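Before any comments, here is the structure.
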Amino acid sequence: MNCRSEVLEVSVEGRQVEEAMLAVLHTVLLHRSTGKFHYKKEGTYSIGTVGTQDVDCDFIDFTYVRVSSDELDRALRKVVGEFKDALRNSGGDGLGQMSLEFYQKKKSRWPFSDECIPWEVWTVKVHVVALATEQERQICREKVGEKLCEKVINIVEVMNRHEYLPKMPMQSEVDNVFDTGLRDVQPYLYKISFQITDALGTSVTTTMRRLIKDTLAL
Amino acid sequence: METDINSQDRKDLDKFIKFFALKTVQVIVQARLGEKICTRSSSSPTGSDWFNLAIKDIPEVTHEAKKALAGQLPAIGRSMCVEISLKTSEGDSMELEIWCLEMNEKCDKEIKISYTVYNRLSLLLKSLLAITRVTPAYRLSRKQGHEYVILYRIYFGEVQLNGLGEGFQTVRVGTVGTPMGTITLSCAYRINLAFMSTRQFERTPPIMGIIIDHFVDRPYPSSSPMHPCNYRTTGEDTGVTYPSVEDSQEVCTTSFSTSPPSQLSSSRLSYQPAALGVGSADLAYPVVFAAGLNTTHPHQLMVPGKEGGVPLAPNQPAHGAQADQERLATYTPSDGAHCAATPSSEDTETVSNSSEGRASPHDVLETIFARKVGAFVNKPINQVTLTSLDIPFAMFAPKNLELEDADPMGSLHSDGSSGGSSGNTHDDFVMIDFKPAFSKDDILPMDLGTFYREFQNPPQLSSLSIDIGAQSMAEDLDSLPEKLAVHEKNVREFDAFVETLQ
């Protein structure tokens with residue numbers, strides 16, 4: 001099974017990075033979360049209810065909808081905050097990307113650890129710009145808002161293609177497909193990672209990996 | 001058409017489509033109320049949340065939707081449409097969007113109704129939630145209040161896109177294939193918001209299909225009047241209920257099987273009779289029209305309507321600026337699920353502060369509306385009765401007073417065909433005093449809110465007005481020779497003074 005990959009790109013001001021990333025990630029997760037499963041006898045299950053809430057951005061003329069789950073929101077804010085700090089500290093051009101990967105776990109026999117097989121990856125590339133005047137910032141607020149509207153439309157278009165989704169699991173396998181650790185909603189298993197690109201255009205992580213490999217090769 | 005669908009699946013599918021249509025209308029109208037929506041997740045299935053999504057049901061909206069559908073379902077050639085339009089305080093109106101729920105002939109015979117179709121409809125509703133926040137009308141609706149209001153109209157039949165102007169754009173929310181056809185949800189929205197610049201509708205005879213039809217039945221197959229995207233439920237103690245509410249609260253207990261799809265025929269959805277009072281029927285829904293107040297503080301939720309509310313405090317400023325009655329909701333958070341409605345923190349960007357730097361389409365709309373003072377209140381307070389003041393959009397309410405455009409606007413609240421959705425509301429509106437955050441909860445005549453309202457539009461400084469400026473200039477010129485003579489006389493003193501400085 002091939003992993004579906006979608007890439008989105010945004011150019012934002014430094015203070016807009018967090019909100020832009022949260023808007024995209026929450027919009028994707030809104031579509032990739034269900035209510036909590038409650039398994040009954042005979043292999044049937046019922047599904048809890050997912051609430052939603054509007055979030056107004058402070059630095060962008062934009063409102064997005066997220067799943068009503070504070071736990072999920074906190075988890076996303078934490079990683080987006082780390083990404084924002086890494087971007088700021090990189091001192092380079094301000095290029096970076098975040099990846100939201102949905103995966104399934106495949107149990108392996110001992111001593112091998114479980115395999116994680118991604119089935120959908122969303123990559124958001126961010127380019128941070130620096131603006132000089134308040135008027136530019138005001139225009140940027142609106143432009144980024146319009147861009148994010150386009151991104152939401154793109155995301156919705158992909159979601160409604162109804163391409164591969166993991167099969168609904170039996171009770172014993174639900175943790176291989178869904179993240180059941182949250183109290184109120186149940187997103188598909190996901191992981192978020194990010195990379196900062198330095199001025200040379202090479203990713204910092206790949207540089208490190210190359211160094212380590214070279215060292216080991218000696 | 002020849003299908004392999006059995007009767008139970010057919011019944012399930014019809015039910016899904018019916019409730020999907022009702023929920024679609026709810027999502028769209030709620031997204032145009034002008035406030036943020038918030039519903040709570042629940043890990044245990046409540047049995048009343050269709051498609052496993054917490055979407056409240058506003059009774060009036062459900063009533064209107066059912067009236068428009070009249071027992072039918074969206075089918076090929078018969079679409080359900082929700083039209084969103086904008087209406088200014090002068091009576092000009094403009095269609096902003098048409099949301100269409102359509103069915104086409106493309107069938108998916110293999111798909112499973114109770115499992116795949118249901119889940120895909122749920123996904124489509126989530127997409128609708130997201131898309132309703134990104135079309136241009138969303139930002140307009142968040143700023144509605146003084147200058148304009150947002151109205152909705154539901155009709156069934158052929159889609160009418162004429163009112164959207166040239167170059168309208170469309171966005172597809174999504175599709176779901178079923179054995180009876182493919183359900184498609186899309187939105188056509190206007191991008192040319194500049195119609196008002198010509199003011200061609202002002203004080204001219206009403207144009208058929210645009211103005212008067214907003215308030216009477218349209219001459220279309222399934223005509224329906226416009227409704228404001230604001231609403232008041234009548235509350236439980238007035239005894240006005242919609243018989244159809246029970247139907248809309250029909251419980252849907254969904255049970256899914258984890259067996260492979262081919263064995264799904266053994267699992268069935270079970271429906272239970274309506275449990276009244278579940279979820280949304282108990283709530284009074286908020287209506288927030290405080291967009292003109294330019295406050296960045298969230299509005300506090302007020303006393304529930306059942307307690308009779310607070311009597312109207314006559315603290316309207318004399319010049320009527322921004323003096324709309326605070327149409328805050330009466331809100332009964334019976335389950336705490338509904339979040340406080342807060343206007344956008346960008347309230348400072350109201351029309352009277354339109355910034356010239358903006359290049360968006362909003363710019364045009366806002367420039368037109370700029371420099372209008374007290375759009376809804378251009379009459380001194382004593383001309384309007386207290387009862388009328390209780391009604392939101394008092395300008396639109398039928399007044400037997402001196403309102404010049406009474407006829408076109410009169411029926412917005414007294415429209416009999418709206419099924420009493422607003423007919424009984426005159427008695428039920430409770431005026432709540434606006435209490436800005438951090439202000440003391442007292443009854444001083446000059447509290448923060450009053451002060452803010454009064455001095456929001458101060459009169460122009462007299463010294464800045466041109467006439468007075470010209471006068472003083474003339475006086476200055478006249479007195480100049482005398483002043484020069486005096487100075488010349490004292491020139492020695494001046495010279496001595498200058499020498500002391502050196």
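In the text below, chain A, chain B and the rest are named by the order of the sequence lines, each starting its count at 1. Keep in mind that this is a model prediction, so the values were computed, not measured.
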Item to complete: Work out which heavy atom in A:Val156 is nearest to a heavy atom in B:Ala130; give both atom names and the distance.
Response: CG2-CB, 4.3 Å
Worksheet item: Counting heavy-atom pairs under 4.5 Å to chain B, which of A:Val55, A:Val65, A:Ile153, A:Thr63 comes out on top?
Response: A:Thr63
Discussion item. I need the A:Gln53 CD to B:Thr39 OG1 distance, nearest 0.5 Å.
Written reply: 8.0 Å
Worksheet, complete the sentence: Interatomic distance, OG@B:Ser44 vs NZ@A:Lys36, rounded to 0.5 Å, equals 10.5 Å
Worksheet entry | Part of A:Val50 within contact of chain B (heavy atom distance under 4.5 Å) | both
Worksheet item: About how many Å separate NE2 of A:His31 and CG of B:Leu124, when rounded to the nearest 0.5 Å?
Response: 8.5 Å
Discussion item. Contact between B:Asn52 and A:Thr34 at the side-chain level, heavy atoms closer than 4.5 Å - yes or no?
Written reply: no
Worksheet item: About how many Å separate CZ of A:Arg32 and CG of B:Leu123, when rounded to the nearest 0.5 Å?
Response: 6.5 Å
Worksheet item: Among side-chain atoms of B:Asp49 and A:Thr49, is any donor-acceptor pair under 3.5 angstrom?
Response: yes
Worksheet item: Is there side-chain contact between B:Val134 and A:Phe62, with at least one heavy-atom pair below 4.5 Å?
Response: yes
Worksheet entry | Main-chain N/O of B:Ser41 paired to A:Ser68 side chain as donor or acceptor, under 3.5 Å | no
Worksheet item: Any side-chain heavy atom of B:Ser43 within less than 4.5 Å of one from A:Arg183?
Response: no
Worksheet item: Ignoring hydrogens and geometry, is there a side-chain-to-backbone donor-acceptor pair from B:Lys126 to A:Ser33 under 3.5 Å?
Response: yes
Discussion item. Take a 6.0 Å sphere around NZ of A:Lys191 and say whether it holds more than 12 heavy atoms from other residues, nucleotides or ligands.
Written reply: yes
Worksheet item: Are side-chain heavy atoms of A:Asn160 and B:Arg172 found at a separation under 4.5 Å?
Response: no
Practice prompt. Against chain B, label A:His162 side chain, backbone, both or neither, depending on which of its atoms sit under 4.5 Å from a heavy atom there.
Written response: both
Item to complete: Under 4.5 Å, counting heavy-atom pairs only, tell me which of B:Gly174, B:Ser122, B:Ala54 racks up the most with chain A.
Response: B:Ala54
Fill in: Residues A:Asp54, B:Arg133: salt bridge by 4.0 Å N-O rule
yes
Practice prompt. Among A:Leu30, A:Asp184, A:Leu182, A:Thr27, single out the residue with the greatest number of heavy-atom pairs under 4.5 Å to chain B.
Written response: A:Leu30
